[in-house]
Asker: 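To start, I am sharing the structure in question, which I have written as structure tokens.
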Amino acid sequence: MNELLRPRVALALFVLPPCLLAAGVAVAQSYPTKSVRLIVPAAPGGGLDIMARVIAPPLAAMWGQSVVVDNRPGAGVMLGTEAASKAPADGYTLIMLNTNLTPNAILQDKLAVLKRLVGVIKIADLPQALAVPAATPVSSVKELLALAKTSRLNYSSAGHGTVGNICAEMLKLATGADITHVPYKGGAPAMTALVSGDVSMGIGSLASTMAFVKAGRVKILAVCSGKRSRLAPDIPTISETVKGVELENWLGLLAPAATPREIVRVLNAHVLKAIAMPEVQQRLIDNGYDVQGSTPEEFRKLIDSDIARYSKVIREAKIRVD
């Protein structure tokens, strides 16, 4: 088993009355006893939806209960997120989210919604790639920045506050590059604009971008992650050229904040078990995911770190919602 995926369920002891502790353990041991709803705050077919539909079957088989994927798109993941945050905190409503949660909550002044959720597990990263049309006379981030000094460049993203927008603005803030943002309504039209040469550069998922690299339509200059992706180790990171410009596009599972800690632990352990299954790992890898795994505490720290970092970028770059 991949060392990163070994169950790392924390053994911290919480000071609780013995009767409450025993009751919580009993609930966790019997969980789940009915169908579990997994909210996906995005339309079918995207990264969040694919992840949910890959992990739902092994969890259902493990539990002997159905896992129903409930797509709730709208308001940049916040519509479904608010619904999940107000659901009964009994472990029977979960939500699949990604890095877009934090900038959307900041931009829509809904950080309070995050306090009504608890992180269960970071499941994987979906690495983002900085790419240019194949005909562009650059082959590195350094050369792209040099070109930006002599030419008017623009970039496509899936919209204001998305990971592509945040990563590009981080690069601009760090270098002073003057590159105009051209937001699109979704990753597919943003990628189409890049492939057709309507924009000078774009940031999209590594997996989807690689398909156009193989077709000779685009060139990938770097990934946005802090370290090179295990899926494409030969591609450098942006931070290798411009220190501090890094963004992890994570996907993870959350639940209403008052969900019993024992159930959160059970969920964490079961998802770790599911994503360690060779057939599940292969499906995730085939769809461009870099499988990770975490404890609930590690996931919470990651979200808190995102809030601090992206609040600064949004403020300094003057990013606004559509």
Asker: Under a 4.5 Å cut-off applied to non-hydrogen side-chain atoms, are Val199 and Tyr184 in contact?
Answerer: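 Touching, per the 4.5 Å side-chain cut-off.
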
Asker: Looking at side-chain heavy atoms only, is the closest gap between Met62 and Leu59 below 4.5 Å?
Answerer: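 Yes. Closest side-chain heavy atoms under 4.5 Å.
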
Asker: Would you call Glu316-Arg309 a salt bridge at under 4.0 Å N-O?
Answerer: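 Looking at Arg309 together with Glu316, the answer is no, because their closest N to O distance does not fall below 4.0 Å.
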
Asker: Taking Leu97 as the starting point, is it possible to reach Val321 by hopping between hydrophobic residues whose side chains are less than 4.5 Å apart?
Answerer: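 Yes, because Val321 and Leu97 connect within a single hydrophobic cluster, where side-chain heavy atoms sit under 4.5 Å apart.
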
Asker: May I ask you to check whether over 12 heavy atoms, not counting those of Asp304, lie within 6.0 Å of atom CG?
Answerer: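 For Asp304, atom CG is crowded (more than 12 foreign heavy atoms under 6.0 Å).
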
Asker: Between the main-chain N or O of Gly226 and the side-chain N or O of Glu248, is there a donor-acceptor pair closer than 3.5 Å?
Answerer: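 The answer is yes, because a donor-acceptor pair under 3.5 Å joins these two groups.
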
Asker: Can you find a heavy atom in the side chain of Gln108 that is under 4.5 Å from one in the side chain of Val113?
Answerer: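 A side-chain contact is absent here, since even the closest heavy-atom pair is not under 4.5 Å.
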
Asker: Leu111 and Ile303: same hydrophobic cluster, using ILVMFWY side-chain contacts below 4.5 Å?
Answerer: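 Looking at the clustering, Ile303 is in the same group as Leu111.
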
Asker: Assess the residue pair Asn100 and Thr162 against the criterion (side chain to side chain donor-acceptor pair (under 3.5 Å)); give the C-alpha distance rounded to whole Å, side-chain angles, the decisive distance to 0.1 Å, and a yes or no.
Answerer: CA-CA 6 Å; Asn100 283 328; Thr162 58; 5.2 Å; no

Asker: With a 4.5 Å limit on heavy-atom distance, are the side chains of Val36 and Tyr31 in contact?
Answerer: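 Side-chain contact under 4.5 Å: yes.
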
Asker: Do Ile285 and Leu231 pass the side chain to side chain contact (heavy atoms under 4.5 Å, CB included) test, and can you show the C-alpha distance, the side-chain angles, and the key distance before you say yes or no?
Answerer: CA-CA 8 Å; Ile285 290 170; Leu231 306 178; 4.0 Å; yes

Asker: Checking Ile166 against Ile319 for the side chain to side chain contact (heavy atoms under 4.5 Å, CB included) test, could you report, in this order, the C-alpha distance in whole Å, the side-chain angles of both residues, the deciding distance, and whether it holds?
Answerer: CA-CA 9 Å; Ile166 296 292; Ile319 298 173; 3.9 Å; yes

Asker: Are Lys172 and Glu169 close enough for a salt bridge, meaning some N to O gap below 4.0 Å?
Answerer: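 Salt bridge: yes.
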
Asker: Starting from the C-alpha separation in whole Å, work towards a yes-or-no answer on side chain to side chain donor-acceptor pair (under 3.5 Å) for Thr237 and Ser225.
Answerer: CA-CA 6 Å; Thr237 66; Ser225 311; over 6 Å; no

Asker: Out of Asn249, Val163, Ile238, which one pairs with Cys224 under the side-chain contact (heavy atoms from CB on, under 4.5 Å) rule?
Answerer: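 Exactly one pass, corresponding to Ile238.
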
Asker: Given side chains that start at C-beta, do those of Glu279 and Gln282 come closer than 4.5 Å, heavy atoms only?
Answerer: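 Glu279 does not reach Gln282 side chain to side chain.
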
Asker: Applying side chain to side chain contact (heavy atoms under 4.5 Å, CB included) to Leu221 and Ser140, what does each step give before you reach the verdict?
Answerer: CA-CA 5 Å; Leu221 305 185; Ser140 68; 5.7 Å; no

Asker: For a 4.5 angstrom cut-off between non-hydrogen side-chain atoms, does Leu130 reach Tyr155?
Answerer: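 Of all side-chain heavy-atom pairs linking Tyr155 with Leu130, none is under 4.5 Å.
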
Asker: Using a 4.5 Å cut-off on heavy atoms from C-beta on, say whether the side chain of Thr209 contacts that of Met191.
Answerer: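 SC-SC contact between Met191 and Thr209 confirmed.
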
Asker: Could you walk me through whether Tyr289 and Ser205 pass the side chain to side chain donor-acceptor pair (under 3.5 Å) test, one step at a time?
Answerer: CA-CA 10 Å; Tyr289 300 98; Ser205 76; over 6 Å; no

Asker: Using only atom types and a distance under 3.5 Å, with no angle test, would you say the side chain of Thr259 pairs donor to acceptor with the backbone of Pro256?
Answerer: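 Yes, the answer is positive, given that a donor and an acceptor are paired below the 3.5 Å cut-off.
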
Asker: For Asp109, is the CG atom crowded, meaning more than 12 foreign heavy atoms sit under 6.0 Å from it?
Answerer: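 Count not over threshold, so no.
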
Asker: Might you point out which heavy atoms bring Ala258 and Ala89 nearest each other, and give the distance in Å?
Answerer: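 Closest approach of Ala258 to Ala89, heavy atoms only: C-CB, 3.4 Å.
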
Asker: Check step by step if side chain to side chain contact (heavy atoms under 4.5 Å, CB included) holds for Leu38 and Met96.
Answerer: CA-CA 7 Å; Leu38 176 52; Met96 185 69 68; 4.3 Å; yes

Asker: With side chains defined as the heavy atoms from C-beta onward, is the minimum distance between His270 and Trp63 less than 4.5 Å?
Answerer: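 A side-chain contact under 4.5 Å exists here.
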
Asker: Could you tell me whether the side chain of Thr93 and the main chain of Pro88 form a donor-acceptor pair under 3.5 Å?
Answerer: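 Judged by distance alone, no pair lies under 3.5 Å.
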
Asker: Indicate yes or no for a side-chain donor-acceptor contact from Asn165 to the backbone of Ala158 under 3.5 Å, with no hydrogens or angles considered.
Answerer: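 Looks like no, no N/O pair under 3.5 Å.
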
